[in-house]
Amino acid sequence: MHDRSRLRNDPDFYIKAIARKRMAAPIELLLQLDAEWRAVRTALEADQAEMNRASRSIGALLGQGKKDEAETAKQKTAELKARIAVQEERARELESELRSLELSIPNVPHPSVPDGAGEQDNVQVRTFGEPPVFDFEPKPHWEIAEHLGIIDFAAGSKISGSGFIIYKGLGARLQRALIYFMLHEHTEKHGYTEIYPPYLVNRGSMTTTGQLPKFEEDLYVMERDDLFLIPTAEVPVTNLHRDDILDASQLPIRYAAFSGCFRREAGAAGKDTRGLLRVHQFDKVELVKIVAPETSYDEMESLTQDAESVLESLGLHFRTMEMCTAELSFSNTKQYDLEVWAPGVGKYLEVSSASNFEDFQARRGEIRYRPGPGEKPKYAHTLNASGVACPRLMAAILETYQRQDNSVFVPPPLQPFMGTDSISA
RNA sequence: GGAGAGAUGGCAGAGUGGUCUAAUGCGGCGGUCUUGAAAACCGUUGGCCGACCUGUCGGCCCGGGGGUUCGAAUCCCUCUCUCUCCGCCA
């Protein structure tokens, strides 16, 4: 959501900036309704002021026992009352239309974001390590995992449907090790506070972070209760401070949260159907920051590095890509994706997406802070990054550390949790 | 799931139809006193929106929404949440 008065004063800025994202927004319509709304408000408030005066004087007359005069005064308010009712009704209609229009307008890209029309225009900002070299043909992770008996794809489909995974034995343990390792890195080394959030959230929470109202078809919905399964811990964690006015001394707030994540992946049918590349339920450690505006782009860099450090510690080759304008999401202004190399499938896999939302989510959720004593509250900036998503990370580990004899080396940071340095059949 | 009670400012807590423009206390902030601090005393104390003569005026906010009334924190309806008891349950 954007600042209404900035939209009024400089609509062209928003129209052009949103066009850079290859999106469109009904800004003229919004401004037209806004102008009508303000006119109605002004007239309404004048009438309300008059009604307040009239009521007070009726009270005074009754206090003096002047019943007849009070009755006469009451009659006179009828017309005013009717006019107020009509204006209130119109104002309510306009407010609800304005609200839904505002919620449907995307955030604007930061000026530093490279212009582009698609994936091919993303910019590589750095890489870590080198693709591993094999003296045999590296296998995709689903072959490795099935051979080792650590993932049962068929059972997942039987129990729930395609895109649901059963991890078994050392596979399940590897999953647990990754979660433990990542949480440990972020809480002990990077100063994040651990949060364990609910998996079901209400409509208001989904609206704050931007999944609603536009992307309901991507979510699993519990209709009876009007609750939604979270697609990422970003949703409950960002909403921790919904409707709060934080003290400046509390900022920056840094949270690390493990959760399951649930995505319908509507519209992605047929894409990346094999193995762990695209699943309906997955585990992830998510990093969320709530910060003062002047620090948010610095915080975004350190946030991205905190996510990168997970991949570095595991010795995986990856690249950090800056998304071009067309590849940004609805809610963010700037985005880095971390793509880890998976030699078996021969592709870079997106395991993390770091975003700055500036005050876009904060406005939707009324997340504010007071810059100093006696100062007016301001909207905070919110950011998040995966730190990182488990299934594709596991795919990259299995494929990177596979050996010709079908065993898989366990990278050193995971060995204490795994109790072994090798997974073999 | 059943029965009951409740939701008021940063916190505690009064207010049951008309100077409520929300008492009082605590806390916070400023000041007086003091070498300094404490105590005492004095003052002060939120959010949102609109209008324009940009400093003032006006409107809204007592859990959310709707209603009754000239007038609602107060009465009615409804939703949400909290607490107590009962039932069920990992």
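Note on naming: letters A, B, ... go to the chains in the order of the sequence lines (proteins, then strands), and numbering restarts at 1 for each one. Keep in mind that what you see is a predicted model, and the values were worked out from it rather than measured.
A salt bridge links A/E216 to A/R203: one of the charged nitrogens lies within less than 4.0 Å of a carboxylate oxygen.
Each of B/rA51, B/rC70, B/rG47 was ranked by its minimum atom distance to the side chain of A/K81; first place goes to B/rC70.
Judged by Watson-Crick or G-U wobble contacts below 3.5 Å, the nucleotide B/rG17 has no partner. With a 3.5 Å ceiling on both atom-pair distances, B/rC53 lacks any Watson-Crick or G-U wobble partner. Base pairing of B/rU35: no nucleotide in any strand meets the Watson-Crick or G-U wobble criterion (both distances under 3.5 Å). Pair assignment for B/rU24 gives B/rA12, based on Watson-Crick or G-U wobble hydrogen-bonding distances that are each under 3.5 Å. Pairing for B/rG43 goes to B/rC29, judged as Watson-Crick or G-U wobble with the two contacts each under 3.5 Å. Under the Watson-Crick or G-U wobble criterion, with both distances below 3.5 Å, B/rU82 is paired with B/rA5. Pair assignment for B/rC89 gives none, since no Watson-Crick or G-U wobble pairing has each distance under 3.5 Å. The nucleotide B/rC48 finds its pairing partner in B/rG59, both defining distances of the Watson-Crick or G-U wobble pair being shorter than 3.5 Å.
A donor-acceptor pair is defined here as one N or O able to donate and one able to accept, closer than 3.5 Å; such a pair exists between the side chain of A/N122 and the backbone of A/C324.
Taking the C1' atoms as reference points, B/rC81 lies 43 Å from B/rA38, given to the whole Å. Of the P atoms belonging to B/rC76 and B/rG6, the separation is 12 Å, rounded to the nearest Å. For the C1' atoms, the distance from B/rG9 to B/rG27 is 12 Å, rounded to whole Å. Rounded to the nearest Å, the gap between the C1' atom of B/rA22 and that of B/rC41 is 26 Å. Nucleotides B/rA72 and B/rG63 have their P atoms positioned 15 Å apart, rounded to a whole Å.
Of all non-hydrogen atoms in A/P109 and A/K21, the two that sit nearest each other are CD-CG, 3.9 Å.
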*Quick one: what's the B/S/- string for nucleotides 55-60 of chain B, heavy-atom cutoff under 4.0 Å, read 5' to 3'?*
---BSS
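Atom NE2 of A/H280 sits in a crowded spot, with more than 12 heavy atoms from other residues, nucleotides or ligands closer than 6.0 Å.
Between A/S296 and A/H381, the side chains place a donor N or O and an acceptor N or O closer than 3.5 Å (distance only, hydrogens not considered).
Heavy atoms of A/R4 sit nowhere under 4.0 angstrom from any nucleic acid atom. Counting any heavy atom pair closer than 4.0 Å across all strands shown, A/K376 reaches sugar-phosphate atoms only and no base atom. Within 4.0 Å (heavy atoms only), A/L80 reaches no atom of the nucleic acid at all. Within the 4.0 angstrom heavy-atom criterion, only backbone atoms of the sugar-phosphate kind lie near A/R8; the bases stay farther away.
Remark: A/R6 is positioned above the aromatic ring of A/F13, its terminal NZ or CZ atom under 6.0 angstrom from the ring centre and at most 45 degrees off the axis.
Between A/F215 and A/F330, the distance from one ring center to the other falls under 6.0 angstrom.
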